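Reading through the structure tokens given below for one structure.
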Amino acid sequence: MTKKQNLLKGIFQENPVFVLILGMCPVLGVTTSLLNALGMGAAFTVVLILSNILISLIRKLIPNDIRIPAYIVVIATLVTIVDMVMNAFTFSLYEELGIFIPLIVVNCVVLGRAEAYASKNGVVDSAIDALGMGLGYTIAIAIVASIREILGSGELLGFNIIPFNLFEPATIFILAPGAFITLGFLLALINVIVAKRNKKTVENK
Amino acid sequence: MKKYIQLVLILFIISAFSGLILGVVNEFTAEPIKAANAEKLSKGIKEIFPNIDPLSLNDANNTVSIVDEDYEELKEYYIIKDTAGNLLGYAVKVLAPGSYNGKLTVLVGINTEGKVVGLSYLALGETPGVGSRVEEPDFINYFLNITDTSHIAKLLIDKDIDSVSGATFSSTAVKNSVQSALDYFNANLKNK
């Protein structure tokens, strides 16, 4: 696999949210506005890149029996660092994201990439893998958040974007059920596209 | 046996190293975090008491810690004075008991007559879109100019407060915070 393919697989073929369906808790929780989603995506990507690099570096030192606790300690440390840095320098975003920053520790994408990729591959490849996965995650939650923010509060990034008040925002999209509805429709749409494409490839053969 | 000692040692080394790094990062972030929290506090107080003398907040004598086992949820109160030095009231900082994620912190502004003049949230980690709606003016307005929250308890039970339907934990936590700030005021600050 080339480096470019490695990067792109996290965004398309193996998108953590839309294809692997991993790390869904923040996907449902923080996607009430696009700004929150981008903040969460950035924090998540930083943690993922650092954890993949670190774990790839120490992969040969960690005995197989204790690899999971060792990964968890590394990830928890990184998340705590991000948590403190955000608390210190991006205070309002930190308050918005609240509980979801510490919860990156138990985000299965981070542990999943450590276990499935970084523990078996070199530092550069692991960093690229993490960057791709982080971008894929960020793009996915940004899409969900944009839809929810537009339909739920009639705004995007805090700007009112409904011309002449054409429709009344439906609050349900900001609430938890709205996250499930949005995600359900998006997954259905993606599956339709993928199915069509597969059919075409089969026919061409 | 030797193998297990080795495993423990490796985990110990990783953990110790993590602790060390966190300590270093904490050195750099502790001050900005403190400054951000102080900024948030003074902003919250100014929202409740627009006429406050801004300099009076820097005076350590105007911040009083509350150590009282009957009021464990109350952390401290701030004496609010205007530029002429007149007492405007008090802002009581409450770590709301029973909030949804356990860190809802609210400032309850009480004037010298014992009426609530405003609420301001210092930390609000409630569910976005549900519990977080206790921040909306519609909800806060229920508390303005009251001296007692028992009628609000009734409104909450009857679900007559539209803006926070479904957010029983958060809204009850705020109600209880206001009541305990009022109780403390009536018991300790009223005739000062």
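Here is how names work: the chains are called A, B, and so on, in the same order as the sequence lines, proteins then strands, and each is numbered from 1. Owing to the predicted nature of the structure, the values given are computational and were not obtained by experimental measurement.
- Heavy-atom neighbours of A/F89 CZ from other residues, nucleotides or ligands within 6.0 Å: above the threshold of 12.
- Contacts of A/N87 with chain B are made by both backbone and side-chain atoms, with heavy-atom separations under 4.5 Å.
- For B/I14 against A/A70, the heavy-atom pair with the smallest separation is CD1-CB, 3.8 Å.
- With a 4.5 angstrom heavy-atom cutoff, B/L22 touches chain A via backbone and side-chain atoms both.
- Using a 4.5 Å cut-off between heavy atoms, B/K3 contacts chain A through its side chain alone, with no backbone atom that close.
- Under the 4.5 Å side-chain criterion, counting only non-hydrogen atoms from C-beta, A/L61 is not in contact with B/I10.
- The two residues B/I33 and A/M84 make their nearest non-hydrogen contact at CD1-O, 3.8 Å.
- Annotation: the span from A/I81 atom CD1 to B/F28 atom CZ amounts to 12.0 Å, rounded to 0.5 Å.
- Atom CD1 of A/I62 and atom CG of B/L7 lie 11.5 Å apart (nearest 0.5 Å).
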Determine, step by step, whether B/N37 and A/F91 satisfy the side chain to side chain contact (heavy atoms under 4.5 Å, CB included) criterion, reporting the C-alpha distance in whole Å, the side-chain angles of both residues, the deciding distance to 0.1 Å, and the verdict. CA-CA 9 Å; B/N37 284 334; A/F91 195 69; 3.2 Å; yes

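- Using a 4.5 Å cut-off between heavy atoms, B/L122 touches chain A through its backbone atoms (N, CA, C, O) alone.
- Put simply, the side chain of B/S18 does not reach to within 4.5 Å of the side chain of A/V74, judged on heavy atoms.
- Neither the backbone nor the side chain of A/Y94 has a heavy atom closer than 4.5 Å to any heavy atom of chain B.
- Between A/T77 and B/F17 the shortest side-chain heavy-atom distance does not fall below 4.5 Å.
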